[in-house]
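What follows is a single structure, written as structure tokens, with notes after it.
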Amino acid sequence: MKEKIIEEIFRLKEQRRAIIISHNYQREEVQDIADFVGDSLELSRQAASVDCDVIVFCGVNFMAESASILSPEKTVLLPSLDANCPMADMVRVSGTRKVWKTFPGYEVQPTFVFPHDFTLIDMKRQYPGVPVVAYVNTTADVKAESDICCTSANVVKVVESLPEDRVICIPDRNLSAWAQRNTGKEIITWDGFCHVHDRVRAEDVERARKGHPEALVMAHPECRLEVLERADHVTSTSGMLRFARQSDAREFIVGTEVGLLHRLRKENPDKVFYPLRKDMICPNMKKTTLEKVLWALKEMKNEIKVPEDIRVRAVTALDRMLKIK
Ligand code: 13P
Ligand code: SF4
């Protein structure tokens, strides 16, 4: 059954001149059929340069949106249209934003420092002239209102590239704290967070280290500062792949979404990887299945298209980021 689906996906891929792109958190079977698997920065670069007519984007909606912004002449398909990133939905240009009441795995509910109808426009009015750095985990209209984008792989370089000493970073408060720590600039942050990474606490790192005293701890900058301060290496998902490959250590504790373990284990069969917490699962990243990839390709459904007036402004912020080496 699975083989039949894969065979059909490959046949249609040829026929439609399509490329399958997958984020590092996707299901194992989806990663295994992709032409390219990577972190957000690599996927943006890939989407901007790949030669094809159709991109099947196995990830969440802001990633497919970025692909469409960067390659408007290509058809970008998102196999699971409801695959969203709750953090990206925490900031709105105008109107009310979604308020997230409960997340699985939370003992303590996070608090929002801004009123629920506070928008990006309000924030820009409050801090006139302060440049806005938008994490790629934002909607296209938010990128369009921002000066430059960043990912977890390049946030420090992006913030340092700006001449101003004060910078607004949206939407992730943890990434902002990491940027402030590593740039010496004053970061004004939105109060957003990723529910998968924000649930990890210092005690989790200490518990994992006790269980695996030989292991090095890698953590994603979407984790809280108390976690990042206790890690041996803080980096993006593909940064973790590079670190594990190049390190002489044999054991690693992985502080990010568990989907990354697939590539880590596949590419380093002689090394051992433990999740920092077993419940670091992004439900939205798991919505894409082989069946949905096949359906999207067959029916050419779930196209992601950004209105041109928004796209032309959003592409400036993405292009500025991509120019930073
Ligand atoms: P990376 O860019 O490090 O792959 O992270 C994307 C993401 O959504 C993290 O939660
Ligand atoms: Fe968004 Fe977090 Fe899922 Fe990444 S892991 S897509 S930041 S909810």
Side-chain angles (χ1 to χ4, degrees), residues 21-27 30-31 34 36-47 57-67 78 80 82-91 98 100 102-106 110 133-139 142 149-158 169-176 178-179 190 192-200 218-224 227-228 231 233-244 254-264 275-277 279-288 318 321-322:
I21 289 184
S22 160
H23 186 265
N24 286 324
Y25 294 159
Q26 288 288 292
R27 290 168 182 268
V30 171
Q31 293 190 35
F36 188 81
V37 187
D39 68 6
S40 308
L41 182 60
E42 292 171 335
L43 298 185
S44 292
R45 289 199 194 283
Q46 191 70 15
F57 211 112
C58 303
V60 289
N61 53 8
F62 75 81
M63 297 179 172
E65 258 187 7
S66 294
L78 182 67
S80 187
D82 60 345
N84 60 321
C85 168
M87 174 159 65
D89 290 333
M90 287 176 182
V91 54
K98 281 189 194 168
W100 299 89
T102 52
F103 281 115
Y106 262 118
V133 177
Y135 194 26
V136 284
N137 300 40
T138 45
T139 53
V142 167
C149 288
C150 77
T151 75
S152 60
N154 63 13
V155 59
V156 171
K157 276 191 190 166
V158 166
C169 281
I170 52 168
D172 187 3
R173 61 186 180 203
N174 294 330
L175 192 76
S176 299
W178 183 244
W190 194 265
F193 60 92
C194 161
H195 67 106
V196 180
H197 291 85
D198 192 72
R199 73 182 61 167
V200 184
M218 306 187 286
H220 195 278
E222 286 174 14
C223 293
R224 292 171 181 233
V227 171
L228 304 181
H233 194 55
V234 176
T235 185
S236 73
T237 54
S238 289
M240 290 185 192
L241 286 158
R242 277 189 296 279
F243 181 73
V254 184
T256 195
E257 212 273 348
V258 295
L260 185 69
L261 291 164
H262 178 55
R263 264 189 86 187
L264 282 166
L276 176 49
R277 267 178 68 139
D279 63 353
M280 292 184 78
I281 299 170
C282 175
N284 284 287
M285 281 284 183
K286 308 304 180 206
K287 285 181 178 166
T288 308
L318 276 167
M321 168 185 84
L322 292 175

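One-based numbering, in listed order, for ligands and for the atoms of each.
For atom 3 (Fe) of ligand 2, the set of nearby N, O or S atoms under 2.8 Å includes none belonging to C194.
Close contacts between ligand 2 and E222 involve ligand atoms 2 (Fe), 7 (S) [criterion: under 4.0 Å to a heavy atom]. Within ligand 2, counting atoms from 1 as listed, the ones closer than 4.0 Å to a heavy atom of M87 are 7 (S). Taking every non-hydrogen atom of N137 and a distance limit under 4.0 Å, the qualifying atoms of ligand 2 come out as 7 (S).
Counting only heavy atoms of the protein, atom 2 (O) of ligand 1 lies nearest to S40 OG, 2.7 Å. Protein heavy atom closest to atom 8 (S) of ligand 2, with residue, atom name and distance, is P86 CD, 3.6 Å. The nearest heavy-atom contact from the protein to atom 9 (C) of ligand 1 is E222 OE2, 3.1 Å. Nearest protein heavy-atom neighbour of atom 8 (O) of ligand 1: N137 ND2, 3.3 Å. If you check which protein heavy atom lies closest to atom 5 (O) of ligand 1, you get H220 NE2, 3.3 Å. For atom 3 (Fe) of ligand 2, the nearest protein heavy atom (residue, atom name, distance) is C282 SG, 2.4 Å.
Considering backbone and side-chain atoms alike, T237 places an N or O below 3.5 Å from some N or O of ligand 1. Any N or O atom pair closer than 3.5 Å counts here, and H23 shares at least one such pair with ligand 1.
Residues T237 and R263 form no side-chain contact, since every pair of their non-hydrogen atoms from C-beta on lies 4.5 Å or further apart.
Taking 4.0 Å as the cut-off between side-chain N and carboxylate O, E257 and K286 count as a salt-bridged pair.
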